[in-house]
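Atoms considered below: every heavy atom in the structure, side chains included; atoms not considered: hydrogens, waters and symmetry mates.
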Amino acid sequence: MERRIKLRCIIVTLLFAMAVGFFSVRMYGIQVQNENAGLNQASTYTTISRVTAARGEILDRNGNVLVTNRASYNLVFNNYVFSNSSGKNEALRRLVNLCVSQGIAYTEHFPITMEKPYEYTTDQLSDTWRNHFKRFLNYREWDSDMSAPQLMKQLRQAYRLPNDWTDEEVRRVIGLRYELELRSDITNLSNYVLIQDVDSDALSAILELNTPGLTVESSTVREYATKYAAHILGFTGLMDAEQYEYYKELGYAMDASVGQSGFEKAFEESLHGTDGTKVTTVDSAGNVVSEYYKVQPQAGSNVEVSIDLDLQIAGEEALEQVILKLRENGIGSDKDGMDAEGGAVVAIEVKTGKILACASYPTYDPNSYFSDYNQLLETDFDPLYNRALQATYAPGSVYKMAVAIAACNEGVIDRNTIIEDLGIYTRFESPQPRCMLYTTSGGTQTHGEINVMEALAVSCNYYFYEAGRRTGLSAIDKVAKDLGLGENTGIELYEDTGRRANRETKAEIYANTPDQAGWYDADTVLMSIGQSENRFTPMQLCTYTAALANRGVRYRSTFLNRVISHDYQQLLKETQPEVVSTCQISDEAFTAYNQGMRMAVTQGSVRAYMENYPVAVCAKTGTAEHGSAGSDNASFVCYAPQDDPEIAIAVFVEKGAQGGNLSNVAMAILDAYFNQTTAGNEKITGENTVLP
């Protein structure tokens, strides 16, 4: 019995020992082997990062590159490597001190002033970055009403910044720590880009610091291949919250750059590529173990605009020359125009509506837009103002073709109808408008008996006072509308639509002074010479002139020629002419204004400038009063050739005195278009002259 019990004890002991051995081996496998595996895994870290696709190029109609991309380098923090490094705070202190000492600008969005007394600067942030700051406070479970000094104190403690640092160093390092912390657990922002497009000197100096986790990544930045067309090329920038709400539906990343103005904005969805993703594995020292594209980035498409760079250059340079010459010498014995301010010129392809040139003066160099921005804001005559598309002016006598058409269409006059210029228009007791020739001659000259073609040639106000009164508001306003005045032209860029002088416009303008809101015959008379409440942009005046050249057919104006794949192998889109309105123009009306505008060149107000031009040009000059003191505004429109028009041009100069002088701007564009070489004429012939 005793032997049996002893045997059972031995068996139980052996079984227990076996069980202990088994579990010991298992525990070793779990604790030791898995721990080693964990160490191996912790020694590397894999990130999936977004790779920004290159934007497409912007080219002119002939393939000349206007906006392209330049290779650049960014300094970017790898959060994992930085977090696993020692001496993080000291490394950041040395980094920001170097940047400050060498004037190297870096990016951070921590919304507290750099100097004491600390104050919040959240009002300077976009909605997106304000939301990031709120999430940061919520993540740390801190009161959103905490004062700026209190927040600085809390973060100094949280980041364990040394007491012997200066206040400036503390603030700078906190700014970087904030950016890095946002990207660790709080937001889905990609790696922190400290400096974009860093120059070689700054890059060398910073890399010598060996800041943990700070790496160099290649990228691209937009570069302008021309200094011209600044007002229409546009620029790119980070999205605000409202833009992101739209673009996120198209798959854009939150920190994507998008077009903010001009062509960059108008053709954003063609120019913007599709971002890729890159998988990168690094060790704790920051060495890249492996790297590959999970999704290849797809570059954006190239956009070929309708602008002809040669015509754009010719227009910009001639416009500048005319305005500067006016400021220096003025016109005539009275030196009118020496107070000339800004101006604009637009040229359109008559049979398609494609815009060949669009310039404003003064202008600026798009390559230095951001660095010069504050200075540009303070420069005289506002060089940032796109006068061609956004400035509205009384057109002056270039409006008279609309009156001639309406009068002939209504049968009020025909091309041979004679109206005698009596100098003073006596239909009204007061005020009594006068013909400009009568006024400038001291009451000694009038145009006498003339027909509508002669009246257009010499721009006789008296003739159009009477023709307009006989025709009436409704017929004239309809013609002006159908020809595009006071209407959206259809361009892809932002434009002001201006206004036509009519009952509705006047009632709206004088809504607070009802006694002035009525429409009278005197309003029709003033409207008929391009005054009253007429206000149009140079772009509208050019569209109107192109419609005149097309005998009333108005095409949608456009800056887009076509869209091509990034490799130039596939045509993705091509603009087709689109008729947006048609003005019915009788044979009598067409002959009247077509011949009258031609006579302005051969016999009338433009003769001294364009009489011998080798292409048959139809033109009209204008001067217009305005609300401020100084010289009259000046306008000029033309189309050519007369028998089969191809190009229409409109020029406007603030306080330019008289329109004939502006033909020098148009001739520069015509020269480039027809490959002509002509010399400007210095002889002065203004409006309201007498036919030879």
Side-chain angles (χ1 to χ4, degrees), residues 395-410 412-421 435-437 446-471 476 479-480 483 485 525 527-531 534 541 544-549 551-552 583 585-611 616-624 634-640 642 645 648-651 658-660 662-663 666 685-692:
S397 294
V398 297
Y399 183 82
K400 290 175 180 175
M401 284 79 78
V403 179
I405 292 169
C408 289
N409 281 353
E410 294 296 308
V412 172
I413 64 170
D414 61 29
R415 78 184 87 167
N416 297 314
T417 298
I418 300 296
I419 295 176
E420 184 180 2
D421 174 11
C435 189
M436 185 65 69
L437 177 61
T446 71
H447 292 108
E449 295 182 344
I450 56 174
N451 61 33
V452 64
M453 295 178 290
E454 294 167 329
L456 284 171
V458 297
S459 202
C460 176
N461 283 349
Y462 191 101
Y463 192 101
F464 286 94
Y465 291 150
E466 180 62 14
R469 186 195 64 80
R470 293 182 189 179
T471 306
I476 298 172
V479 168
L483 292 173
L485 295 175
V525 165
M527 175 195 71
S528 298
I529 62 165
Q531 294 282 174
N534 283 318
L541 290 178
Y544 157 78
T545 307
L548 291 172
R551 192 168 173 169
C583 178
I585 298 177
S586 65
D587 291 344
E588 198 70 23
F590 176 72
T591 300
Y593 77 76
N594 185 259
Q595 292 297 326
M597 292 176 71
R598 180 61 186 151
M599 288 169 62
V601 175
T602 59
Q603 304 175 47
S605 59
V606 200
R607 178 186 178 189
Y609 299 92
M610 302 188 76
E611 179 184 15
V617 179
C618 295
K620 183 73 188 77
T621 60
T623 56
S635 56
F636 176 87
V637 299
C638 70
Y639 58 80
Q642 179 187 18
I649 302 171
V651 190
Q658 57 96 351
L662 306 191
S663 62
T685 304
E687 288 192 310
N688 283 278
T689 52
V690 180
L691 286 172

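At least one side-chain heavy atom of Gln642 sits less than 4.5 Å from a side-chain heavy atom of Gln595. A heavy-atom distance below 4.5 Å is not found between the side chains of Thr446 and Cys435. Between Leu456 and Met401 the shortest side-chain heavy-atom distance falls below 4.5 Å. Considering only heavy atoms from C-beta on, Gln531 stays 4.5 Å or farther from Val525 through its side chain.
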>> With side chain to side chain contact (heavy atoms under 4.5 Å, CB included) as the criterion, how do Asn461 and Lys400 come out once you've worked through the C-alpha distance, each side chain's angles and the decisive distance to 0.1 Å?
In response: CA-CA 9 Å; Asn461 283 349; Lys400 290 175 180 175; 2.7 Å; yes
> Taking it one step at a time, do Ile419 and Arg470 satisfy side chain to side chain contact (heavy atoms under 4.5 Å, CB included)?
Replying inline: CA-CA 12 Å; Ile419 295 176; Arg470 293 182 189 179; 4.1 Å; yes
>> Show, in sequence, the C-alpha distance, side-chain angles and deciding distance for Ser459 and Ser605, and conclude whether the side chain to side chain donor-acceptor pair (under 3.5 Å) test is met.
In response: CA-CA 7 Å; Ser459 202; Ser605 59; over 6 Å; no
>> Between Arg415 and Asn451, is the side chain to side chain contact (heavy atoms under 4.5 Å, CB included) condition met? List the steps.
In response: CA-CA 6 Å; Arg415 78 184 87 167; Asn451 61 33; over 6 Å; no
>> Set out, in order, the CA-CA distance, both residues' side-chain angles and the distance that settles side chain to side chain contact (heavy atoms under 4.5 Å, CB included) for Leu437 and Cys460, then state yes or no.
In response: CA-CA 8 Å; Leu437 177 61; Cys460 176; over 6 Å; no
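Judged by distance alone, the side chain of Arg598 and the main-chain N or O of Val617 form a donor-acceptor pair under 3.5 Å. Side chain of Thr545 to backbone of Ala648: no donor-acceptor contact under 3.5 angstrom is found. Between the side chain of Tyr463 and the backbone N or O of Val452 there is at least one donor-acceptor pair closer than 3.5 Å. Under a 3.5 Å cut-off, the side chain of Thr621 and the backbone N or O of Gly660 do not form any donor-acceptor pair. When atom types are taken as modelled, the side chain of Tyr639 and the backbone of Leu548 share no donor-acceptor pair closer than 3.5 angstrom. Under the 3.5 Å distance criterion, the side-chain polar atoms of Thr417 are matched with a main-chain donor or acceptor of Asp414. Put simply, the side chain of Glu588 never gets that close to the backbone of Asn409: no donor and acceptor are under 3.5 Å apart.
Between Thr623 atom OG1 and Leu662 atom CG the span is 10.5 Å, to the nearest 0.5 Å. Separation of atoms CZ (Phe464) and CE (Met527) is listed at 12.5 Å; rounding is to 0.5 Å. From Thr471, atom OG1 reaches atom CD1 of Ile405 across 11.5 Å, with rounding to the nearest 0.5 Å. The distance from the OH atom of Tyr593 to the SG atom of Cys408 is 11.0 Å, given to the nearest 0.5 Å. With values rounded to the nearest 0.5 angstrom, Ser663 atom OG is found 12.5 Å from Lys620 atom NZ. To the nearest 0.5 angstrom, Met597 atom CE is 12.5 Å from Thr602 atom OG1.
When every heavy atom of Pro395 is checked against every heavy atom of Asn534, the shortest pair comes out as CD-CB, 3.7 Å. Pairing each heavy atom of Tyr544 with each of Ala402, the nearest pair is OH-N, 3.4 Å. The nearest pair of heavy atoms linking Cys638 to Ala619 is CB-CB, 3.8 Å. Across every non-hydrogen atom of Gln658 and Tyr609, the tightest pair is NE2-OH, 3.3 Å. Residues Gly552 and Leu483 come closest through the heavy atom pair CA-CD2, 4.1 Å. Shown here for Cys583 and Val479, the closest heavy-atom pair between the two residues is SG-CG1, 3.9 Å.
Across Ile649, Val651, Val398, a single residue satisfies side chain to side chain contact (heavy atoms under 4.5 Å, CB included) together with Val637, and that is Val398.
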